[in-house]
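Report on the following structure.
Bear in mind the structure is a predicted one, so any value in this text is a computation, not a measurement. Residue numbers start at 1 and run along the sequence shown.
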Amino acid sequence: MRVDSRSEGAEDLVGHTLEPTRPPLGFFSLLMVAFFWVSGGIYGNEALLQYASPGHIVAVLIIVPLFLGLPVALISTELASALPFDGGAVAWVEEAFGTRLGAQNTYWLWLCYTVDAAVYPIFAASYVSQHWDIFGLHTTEGDEGAADVGLSSLACFIVFLCTIIQLSGTNALISANTVFACLSLIPTFIYMLWGLGDIPSSFGDPEMTNGDSTDFSLLFSWGIWLSQGYISLGCLSGEVENPSRTMTGVVMILTPFVVFLNIVPLAVSWGLDDNATNYEPGHFDVLATEFRGPWLGYLFLVGSIMCQLGLLNSTMMASQRIAYFFLQTRFPRVFGMYSQKSSSKLFHYLWVDPSPGVPAGIIIFNALLTCGATWLPYDVLIEMVILCAAPSMVLFLLAFVALRIQRPELDRPYRLPGGVGMAIGFATPPMILTLIQVVVTGSERYPVYGIPYFKLVTLFLMMLLGITFQFSYDVSRWGFRETIRRMFSRHKNEGAPLLFADEGRPITPVAPTIYSR
């Protein structure tokens, strides 16, 4: 059963013809796209050596992908082969638990991608600052509570550049990302191959230290952040040719390659410079310049910036598709009414015309939110992404087990071995790692802007916002008593989604879709 709202000649929920479906993604196309979801490159990873010893880093970069990334990827492959819906986890959670939890899951994924997008322009700005101290980009020492003004200003400018690319249309974005991917990997392979002989034999030894105390919380958060992208593979399931075969091959190649790509450059760098205090984001570039020559340093600078632009483009595009899915399925009457009544060309361009991929107003709105998030410290952003992604990850894993119980007759061309018990076994390790991360991160008394437990407070407020919005809308539609009755209804489809479309009309899951040639 394939749900594809972009079939040729189809119309969206407000009566506008959608772009015809592109050819299905084959193995190499999916591999290229998935690489940006689960890695994107090495740039920024050098900061890990500030947080922990090489031994601890190697352990985390192997254990977390093995017990979180790989199970999530294989679960996504099974669900994609059985229910190849555009949107992946968004659709599977709604299939298992109904529209109410499905709506909250959509909200969480949108929030996660929007916050995540802010990390990459900060990294890109950090790399630029290693060569040109524009506007005093270097972070002020001792100011751990806020990002430097100059760094954040440049990060916002980078978001602006990517927004222009996205407003130019999907084809322009795909072409740009193809160039970004090539330019980011070339210096990486030169740096790794040239430096293999510099790797110290003791690298990875548990007894080796970085000369400072280990920040296990931040190290664990980073490991989770690097591996949680495997859940995004499901976003492509409705566009993949033969998901059971294609996705399995991609996972089997990408998982060991990403582990290799995360560890080897750190080992090479440690052989060149074992002073952990030097490992700010951008130190790969400094080492390449000092030990290999200015030409590789500048090539590294270009590659690092291109990598972050590619990651930013992909993440922003996913966030936009989720927002568009949300508005199309929850506000079809509003969109239809205003698109028919308004004769304003500006309104039509901003909120109706999907030619850039989604209406321009959604692109601009998400870009503004991303710019606002760049003013937070990047390590706080990373941990906030983990907290935002945790509810969606938990619902995704529970949906996998629930569908094994609810839909045992479902044809699964790719199926993980065993029955319900084995399904629970596959879902348990990533579930445990996700919950541990929430507890560890949320319990830290890390003041930001003078607010203790900043991440836990922010998580609570974001969750409260989503629940309050849904409850308020339900009360306005049915009244308080009927809303309470529907909340506790046993029938999964009786509860309303966050913003209900039409009475009795099923909502077709069509969330983030990443296109490739």
Side-chain angles (χ1 to χ4, degrees), residues 36-37 40 43-44 106-129 137 146-170 172-173 176-177 180 225 228-229 232 235 281 304-327 350-351 356-389 392 448-449 454-455 458-459 461-462 465-466 511-512 514:
F36 271 105
W37 282 114
Y43 310 100
T106 302
Y107 165 72
W108 280 110
L109 280 176
W110 169 77
L111 198 60
C112 174
Y113 283 121
T114 302
V115 175
D116 192 23
V119 176
Y120 308 120
I122 293 178
F123 280 159
S126 296
Y127 272 92
V128 172
S129 73
L137 290 177
D148 177 78
V149 172
L151 192 71
S152 296
S153 298
L154 182 56
C156 289
F157 179 72
I158 292 171
V159 174
F160 171 74
L161 294 179
C162 284
T163 302
I164 293 177
I165 294 175
Q166 299 190 33
L167 288 172
S168 300
T170 304
L173 189 147
N177 265 21
F180 295 157
W225 180 55
Q228 71 175 13
S232 300
C235 296
S304 63
I305 296 173
M306 295 301 103
C307 171
Q308 304 309 322
L309 292 178
L311 289 166
L312 175 60
N313 262 341
S314 298
T315 307
M316 289 178 68
M317 182 164 60
S319 175
Q320 294 156 11
R321 266 51 178 189
I322 293 175
Y324 193 35
F325 158 78
F326 178 86
L327 294 174
L350 289 176
W351 302 110
V358 301
I362 296 176
I363 296 176
I364 295 171
F365 177 73
N366 277 15
L368 291 174
L369 291 179
T370 300
C371 284
T374 61
W375 293 82
L376 291 171
Y378 72 86
D379 54 343
V380 172
L381 287 172
I382 291 172
E383 296 194 7
M384 285 306 305
V385 170
I386 301 300
L387 291 176
C388 291
S392 291
V448 180
Y449 301 129
F454 176 81
K455 289 166 284 189
T458 305
L459 177 67
L461 292 176
M462 289 187 296
L465 176 63
I514 306 302

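- Between Trp375 and Ser153 the shortest side-chain heavy-atom distance falls below 4.5 Å.
- Contact between Ile122 and Thr374 at its shortest, heavy atoms only, is CD1-O, 3.5 Å.
- Here the straight-line distance linking atom CD of Gln320 with atom OG1 of Thr315 works out to 10.5 Å at 0.5 Å rounding.
- In this structure, Phe160 and Cys371 have side chains that are not in contact, with every pair of non-hydrogen atoms separated by 4.5 Å or more.
- Heavy atoms only, all atoms of each residue included: Tyr113 and Ser232 are closest at OH-OG, 2.7 Å.
- For the atom pair CD of Gln166 and CG of Leu312, the computed distance is 7.0 Å after rounding to the nearest 0.5 Å.
- Nearest heavy atom pair, residue Ala125 against residue Ala155, reads CB-N, 4.1 Å.
- Here the closest heavy-atom approach between residue Ile158 and residue Ala124 is recorded as CD1-CB, 3.6 Å.
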Applying side chain to side chain contact (heavy atoms under 4.5 Å, CB included), run through Cys307 and Tyr120 and close with a yes or a no. CA-CA 9 Å; Cys307 171; Tyr120 308 120; over 6 Å; no
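- The only member of Ile363, Leu167, Thr370, Asn313 that meets side chain to side chain contact (heavy atoms under 4.5 Å, CB included) when paired with Cys162 is Asn313.
- To the nearest 0.5 Å, the span separating CE on Met316 from CD1 on Ile165 amounts to 10.0 Å.
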